[in-house]
Protein chains: 2
Amino acid sequence: MVTLLDVAKKANVSKMTVSRVINHPEQVTDELRELVEQAMQELNYQPNYVAQALVNNRTNVVKFVTLEDIDTTEPYYMNLLFGIAQGLSKKQYAIQLVTDRKQIKEGNFDGYLITGARSSDYSLFDELAKPFVLFGENHRGFDFVDNNNQLGGEIATKYALSRLYRNVIFIGIDVREPFEVSRETGYVNTLQQNKLIPQIYRIPNHSHAAQKIIKENLGKFHHDTCFVCASDRIAIGVVRQLLNEGAKVPEDFGVIGYDGVFLDQVSNLKLTTVKQPIFAMGELLAKMLLQKIEQDGSPQGEAMLKPKLIRRQSTR
Amino acid sequence: MVTLLDVAKKANVSKMTVSRVINHPEQVTDELRELVEQAMQELNYQPNYVAQALVNNRTNVVKFVTLEDIDTTEPYYMNLLFGIAQGLSKKQYAIQLVTDRKQIKEGNFDGYLITGARSSDYSLFDELAKPFVLFGENHRGFDFVDNNNQLGGEIATKYALSRLYRNVIFIGIDVREPFEVSRETGYVNTLQQNKLIPQIYRIPNHSHAAQKIIKENLGKFHHDTCFVCASDRIAIGVVRQLLNEGAKVPEDFGVIGYDGVFLDQVSNLKLTTVKQPIFAMGELLAKMLLQKIEQDGSPQGEAMLKPKLIRRQSTR
DNA sequence: TTGTATGCGTTATCAC
DNA sequence: GTGATAACGCATACAA
């Protein structure tokens with residue numbers, strides 16, 4: 001392993017000069033700096049992050065805590081993780097994945113990225129002794145990254161109206177969590193701006209629940225309705241049952257999903273959906289946490305990235 | 001932070017004694033050992049893995065390298081990752097996720113876990129300066145963990161025959177990679193043992209390709225056929241198209257998938273499938289790598305875990 | 001501007 | 001069996 005000392009010898013300087021070239025290049029003369037940089041090049045010097053971490057009382061490790069049950073069919077988290085990894089890579093941070101709550105406080109690490117948090121988990125956060133950032137909207141003042149759920153609800157609803165579906169119905173998830181409330185709000189606001197009456201169903205987040213609701217209520221729906229759904233799973237169930245019933249999609253019924261997880265591999269129809277910039281969200285999440293760690297836990301605020309409507313085959 | 005020295009003071013011993021209690025407890029008298037252990041308890045001492053890593057010339061970090069395209073990554077990767085995390089957690093190792101090949105050699109780390117490797121990647125491995133273990137069967141002598149693909153092919157085929165489908169057709173993936181060849185071999189061997197003639201189609205790993213092959217060939221298939229598929233994706237496409245064509249599943253046509261990724265959320269029918277013990281595979285992968293690191297790169301061999309047939313609704 | 005000394009927390013080595 | 005000391009690679013404080 002090439003160390004500071006090796007570089008120092010080659011450049012005929014002390015190792016402090018080498019250290020400074022790396023951390024405070026402005027404090028060293030151009031001449032020496034170039035000499036040192038050349039020596040680093042030639043020796044292919046790679047700083048030892050472990051030694052750095054030890055002096056700085058850091059570990060270069062963050063915990064990624066998943067509080068909900070992971071449903072492996074969602075490519076979603078994998079993308080999030082890759083985004084996080086990207087955000088961490090510049091400072092050479094590594095990840096410990098945590099699903100067991102007992103492991104939350106174990107070992108050495110510098111902070112947390114937390115996902116799948118429900119309101120009932122908020123009390124847990126007060127106990128955490130290290131900086132953390134949540135993945136997912138909350139209104140308790142905890143730093144977070146999310147997509148702008150309200151905007152997403154608006155985008156979907158506005159698009160449905162622009163496609164001239166006469167009715168726009170929201171099929172939400174039956175949890176009163178902020179992300180759901182915000183998506184609904186986006187829908188409701190848009191309808192009211194257009195002097196239309198909101199109509200909301202709330203069901204479990206499974207395609208089968210969505211199929212059921214369509215099956216039971218299809219008679220009630222006009223043949224000119226767009227369903228704005230709170231998730232792609234729900235949307236897929238809606239589409240499937242509509243097709244099962246012989247309804248025409250997208251001509252008579254439109255369907256818009258949420259998440260932007262493309263399940264084309266397994267779904268009948270390419271779904272129009274509100275896509276979250278998952279990778280970018282993961283990257284930002286990581287950067288916020290690293291900054292928070294560096295700033296000794298100072299608040300980073302709330303970051304809501306813009307979702308984007310992807311027009312595909314389930315709307316006309 | 002509580003250090004060895006803090007514990008030593010409390011127990012009125014030197015820090016070396018404390019260190020020994022942790023690493024070589026047999027070298028210290030029972031009396032002192034208990035004293036030290038009590039002090040550790042009271043102070044809630046947690047060893048500093050960074051300091052350990054520094055002195056051991058380790059980093060406590062491994063790279064998880066995904067060589068295939070993120071978009072095509074299988075849904076089971078998330079489970080794999082959690083299995084890996086579990087296997088790493090005992091030694092408090094952390095993960096760096098790598099998708100960009102440029103990052104493969106960057107930074108400090110102790111070894112690699114590599115997934116998505118194709119034959120064309122093998123040359124890359126010879127350049128790696130650190131220990132690695134592959135996720136996925138190979139016959140070049142690289143240490144790996146996989147499920148027993150040949151056994152999986154056998155299990156599926158035997159089950160199809162036991163359900164008295166008169167014909168059993170294999171729908172494979174059109175790559176000549178070891179996992180695919182092995183699955184096919186399991187199928188072929190089983191058919192030949194039963195004096196039946198193998199019939200194999202090879203298509204891209206997409207449900208749409210599977211739909212196409214069924215659509216184009218349905219006329220040729222007897223109404224008493226079971227399709228043994230090389231992936232769940234393919235199986236889902238087969239089921240969907242069979243249903244589209246009005247065929248009876250599972251009565252006239254059986255379908256068996258491979259992977260055990262339950263896509264119930266989005267599929268019409270609960271798939272009979274060969275399930276790999278993904279989590280356990282991840283855990284083993286991690287343990288093999290840790291051992292290999294500890295043993296300075298000594299070969300760990302090949303580990304093939306048993307897949308398991310999950311009987312569900314796509315077979316009679 | 002540059003170099004020297006010291007310490008981060010742990011473990012191995014060698015005395016006692 | 002136990003303790004003092006040096007070392008891992010780096011960065012901060014201080015001296016030159």
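Computed over heavy atoms, backbone and side chain alike; hydrogens, waters and symmetry mates excluded. Lettering follows sequence order; numbering is per chain, from 1.
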Each nucleotide N or O in nucleotides 11-15 of chain D that has a protein N or O under 3.5 Å away: list the pair and distance.
{"unit_1": "D:dA11", "atom_1": "OP1", "unit_2": "A:Asn23", "atom_2": "ND2", "d": "3.3"}
{"unit_1": "D:dA11", "atom_1": "OP1", "unit_2": "A:Gln52", "atom_2": "NE2", "d": "3.0"}
{"unit_1": "D:dA11", "atom_1": "OP2", "unit_2": "A:Ser19", "atom_2": "OG", "d": "3.1"}
{"unit_1": "D:dA11", "atom_1": "OP2", "unit_2": "A:Asn23", "atom_2": "ND2", "d": "3.3"}

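- Distance from the side chain of A:Val13 is smallest for C:dG3 among the nucleotides C:dT2, C:dG3, C:dT10.
- Across the interface with DNA chain D, nearest-nucleotide mapping of B:Ala51 and B:Thr17 shows B:Thr17 to be the residue nearer the 5′ end.
- Atoms CG (A:Leu35) and C1' (C:dT1) sit 15 Å apart, rounded to a whole Å.
- The local environment of CG in A:Asp126 is crowded, with over 12 non-hydrogen atoms from other residues, nucleotides or ligands closer than 6.0 Å.
- With rounding to whole Å, A:Gln27 atom CD is found 10 Å from C:dT2 atom C1'.
- Contact between the side-chain N/O atoms of A:Thr3 and the OP1/OP2 oxygens of D:dC8 is not found at any separation under 4.0 Å.
- At the heavy-atom level, B:Asn48 lies under 4.0 Å from the strands shown only through sugar-phosphate atoms.
- Here A:Phe142 and A:Phe125 bring their ring centres to under 6.0 angstrom of each other.
- We find that B:Lys90 and B:Glu283 are joined by a salt bridge, their nearest charged nitrogen and carboxylate oxygen being less than 4.0 Å apart.
- Interatomic distance, CD of B:Gln291 versus CE of B:Met288, reported as 8.5 Å (0.5 Å rounding).
- Note on B:Ser14: a side-chain N or O is less than 4.0 Å away from OP1 or OP2 of D:dG3.
- Here C:dG9 presents its P atom at 9 Å from CG of B:Leu5, a figure rounded to the nearest Å.
- The CG-C1' distance, from A:Asn57 to C:dG9, rounds to 10 Å in whole Å.
- Of all non-hydrogen atoms in B:Glu137 and B:Asp146, the two that sit nearest each other are N-OD2, 2.8 Å.
- A 4.5 Å side-chain heavy-atom check between A:Tyr112 and A:Lys105 finds at least one atom pair inside the cut-off.
- Taking atom NZ on B:Lys91 and atom C1' on C:dT10, their separation rounds to 17 Å, with Å as the unit.
- Put simply, CG on B:Asn148 and CD on B:Gln276 are 10.5 Å apart, with the number rounded to the nearest 0.5 Å.
- Look at CG on A:Asp6: it is 11 Å from P on D:dC8, rounded to the nearest Å.
- When rounded to the nearest whole Å, the span between CG of B:Asn60 and P of C:dG9 equals 17 Å.
- Salt-bridge annotation for A:Arg33 and A:Asp30: present, with a side-chain N of the basic residue lying under 4.0 Å from a carboxylate O of the acidic one.
- From one end of the helix from C:dT1-D:dA16 to C:dC16-D:dG1 to the other, with five pairs defining each end axis, the axis direction shifts by 50° (rounded to 10°).
- Between the CG atom of B:Leu43 and the P atom of C:dG9 there is a distance of 14 Å, rounded to whole Å.
- More than 12 heavy atoms of other residues, nucleotides or ligands lie within 6.0 Å of NZ in A:Lys130, so this atom counts as buried by the packing criterion.
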